[in-house]
Every structure is written in structure tokens, then in C-alpha cells.
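Worksheet: the structure to be examined is printed underneath.
Chain naming here is simple, since letters A, B, ... match the order of the sequence lines and numbering starts at 1 in each. Computed from a predicted model, the values in this text were never measured in an experiment.
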Number of protein chains: 2
Amino acid sequence: MNNKKIIKQINQDWTDIYHHLHVVHQENISHQAVRALQFIEKSESVTVGDLSNHLKVSHNTASEHVKRLIKKGYIAKIRSTEDERKVFVVLIEKGHEVLNKHTRLDEQKLEILLEDLSADEIEKIESTFTLLSRSAKHVSDN
Amino acid sequence: MNNKKIIKQINQDWTDIYHHLHVVHQENISHQAVRALQFIEKSESVTVGDLSNHLKVSHNTASEHVKRLIKKGYIAKIRSTEDERKVFVVLIEKGHEVLNKHTRLDEQKLEILLEDLSADEIEKIESTFTLLSRSAKHVSDN
DNA sequence: AAGATTATATCGTATACTAAGATATAATTA
DNA sequence: TAATTATATCTTAGTATACGATATAATCTT
């Protein structure tokens, strides 16, 4: 029952995996911008106010983040029809692309990696990630 | 043999896991700073010049990154004894802490997650990460 | 309908980050 | 001794981040 040790090992592996397999990108994008894009991608619907809460910045700063991200072609605004004060923000294609490059593992490197593994090992990786992502959602829902 | 689909699924899970389990931090640290800290942590020894190559910035810019990171208490300089022109940079405690918060999964959330799993499932997760991190190192070595 | 509240946007201002060119310093190599 | 290498500093400049103050428009309250 020494989960602490296992957790440290998982984290060590997690960062090693990312370090070796992450996409090499050249886009100049700030840390806050990535956080904003991630939040927008993973949430059902996001308003400027939601973003302000999530990033823990003032409403005007959030509004400026949105302005910058639109200028870069990463997101778009959609005014709510129910309450026309509200503005929803959504990722558009370029935003998805940039976010993928910053958060995902490199598909080509993964492909090379999988080539050297057996079908059983691949199946094990796949089912482990399914299990972990399902459990992770569960944890954050409480 | 449809690895493409499996790869997409792994990536989807990967980002979901990170989204739900990452550490909630408040440090204001830039993207380049995280990249620099990551590179310093994962490499055997790093000079200012190595950093400049890795970040693809000029030597003077790399030198300024180092200056900023030292000012923030994240890294330290160690002048080489063999060649006294060279300066190695290393992570110090606060740098490790900040980097962990930005790249690792939250230990408490992981602990809650593991509590609901069986010993077999935990073992499966552990061995999968060991396998993946070993393979990842292999891929990046070519 | 008038006033209060809510959601977002904009302006002014300030600080920090990022980056490069030019230049300087010190150590090493030829 | 001269050339090269590694790093540091100075100047300059564009961008990012953030907030307070203020503005606008929609919605809610009375």
C-alpha cells in the first residue's frame, strides 16, 4: 500500500514521456494563452466571465485575452441568443492545432514507439489510458 | 493495425488526464521559462550555450533567461572547473518545485484516484508507464 | 418605465518578458 | 600574440499581462 512511491514514479515517467515525445513547436504562445485555450477546449461552454474566473484575473483582463486570441485566429466569439450580454468563446481550427502542439504527444514519435511493441503491449497501453482518463474525470467531479 | 486511431485516442486521454489531474498553480511563469527549466532538469549538464541552442534563441537572450531564472531563485550557475569560460546551470529546490507544479500531476488527486482502484489495476498503470517512458527514451535516442 | 445589476469592452498606465544587435570580458586554442 | 570561444551587459523594441476606471448594452427589479 505504498502509493506515495508509486505516485512519484508515475509522475517521473509522465514527465519523461512528455519530454521525449512532445511536439517540437515554434509558435510563440504564452503560458496564460495555453491555459485559456485548454480551458475553452475542455469545457462545454465558456464565457468571458468563466475565463476570468478560471484564470483568476479581472474581467477586463479576460476580455483582453479573448481579444488577443481572436486576433491570432485561435478562437471565435459567439453571442448568446438567450442572454445577449453573454459572449461564448470557442476554439476554431488554428486554435485546436496550436493547442495540440502544446499539449499532445507527437503522433509520429508515438507511431515509431508503437512499432516496436507487441499487440498485447499496445492494448495494455490503450486500456490503461482509458482507465486513467475515466478515473481522472471522476476525481475532478468529486 | 490501425495505430493512427489508437494514437489519437491515447492523445485524447493524455490531455484529459492532464486537464483533470494537473496541479493548480498560481506562479506567473512564462512558457519559455518552463521550457528552459524542463531542459535543464532532464539533461545531464547544461551550459548557457546549450540552452541557447535548445530554445533556438541567441546566446545573449539565453544569458538573459538565465539571469531572470536566477533572480527568481529557480536555478544556479556553476562555473566549469575544466574550462572556466563555461557556466553550467542547475535547478535548485524552488526551481524543481515550480517545474513540478507545471508539468506533473497533482499527487493528492492521484492518491484519491488510486484509492478507488484495485491492486491489479494500480500495478497495470505502473508497469505501463514504465514501459512507455523506457520506449520514449528509446525513440528520442533513435 | 426608471433604476440597479450584470456581462463585456475599451482606455490609460505600468511592469515584465522576449529577443536581437552591438559591444565587452575572460578563458582557451592555434 | 592573435584568433576563437563562452558568457555577460547595454540599448532598443515589440508584445504580453494586468488592473483600475470608465463605457455600453442587455437584463432584472421594483
Pull out every residue in residues 48-59 of chain B that has a heavy atom closer than 4.0 Å to any atom of DNA chain C, ordered by number, or say none.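 By residue number: B:V57, B:S58.
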
For the residue pair [X] and [Y], establish whether any side-chain heavy-atom pair is separated by less than 4.5 Å.
X     : Y     : value
A:Y74 : A:I92 : no
A:L21 : B:W14 : no
A:V66 : A:K77 : yes
B:V87 : B:I78 : no
A:D13 : A:Q9  : yes
A:L51 : A:V57 : no
A:Q38 : B:Y18 : yes

When you measure from every atom of DNA chain D, which of residues 86-94 of chain B have a heavy atom less than 4.0 Å away?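 By residue number: B:K86, B:V87.
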
By nearest nucleotide on DNA chain D, pick out whichever of A:R85 and B:K77 is the more 5' one.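 Of the two residues, B:K77 wins.
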
Name the residue closer to the 5' end of DNA chain D, choosing between A:A33 and A:R79 according to the nucleotide with the nearest heavy atom.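 This one resolves to A:A33.
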
How long is the line joining [atom1] of [X] and [atom2] of [N], in whole Å?
X     : N      : atom1 : atom2 : value
B:Q32 : D:dT17 : CD    : P     : 13 Å
A:E64 : D:dC19 : CD    : P     : 10 Å
A:K67 : D:dC19 : NZ    : C1'   : 14 Å
B:I29 : D:dA16 : CD1   : P     : 18 Å

Reckon [X] touches a base, only the sugar-phosphate, or nothing at all at heavy-atom distances under 4.0 Å?
X     : value
B:T61 : base
A:N60 : base
B:K72 : sugar-phosphate

D:dT17, OP1 or OP2 - any side-chain N/O from A:R68 closer than 4.0 Å?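 Yes, A:R68 has a side-chain N/O under 4.0 Å of OP1/OP2 on D:dT17.
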
What I want to find out is whether A:K8 reaches B:E107 closely enough, with some N-O distance under 4.0 Å, to be called a salt bridge.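 Judged by the 4.0 Å cut-off on N to carboxylate O distance, A:K8 and B:E107 do form a salt bridge.
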
Nucleotides bounding contact with chain B, strand DNA chain C, heavy-atom threshold 4.0 Å: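 Boundary nucleotides touching chain B, in 5' to 3' order, are C:dC17 to C:dT28.
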
A:H102/B:H31 aromatic ring centres below 6.0 Å: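 Distance test on ring centres: under 6.0 Å, yes.
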
Nearest-nucleotide 5' precedence on DNA chain C, B:K71 against A:N28: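 Counting from the 5' end, the first nearest nucleotide belongs to B:K71.
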
Are A:D50 and A:T47 close enough that a side-chain donor and a side-chain acceptor fall under 3.5 Å?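 The answer is yes; a qualifying pair exists.
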
Would you kindly say whether A:D16 and B:S133 are connected by a side-chain donor-acceptor distance under 3.5 Å?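 No, B:S133 and A:D16 have no side-chain donor paired with an acceptor closer than 3.5 Å.
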
Taking the minimum atom-to-atom distance to the side chain of A:H65, which one of D:dA16, D:dA18, D:dA26 wins?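 Nearest to the side chain of A:H65 among the choices is D:dA18.
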
Same cluster or not: B:I75 versus B:F88, using hydrophobic residues (I, L, V, M, F, W, Y) connected whenever any side-chain heavy atoms lie under 4.5 Å apart?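 In one cluster with B:I75: B:F88, no.
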
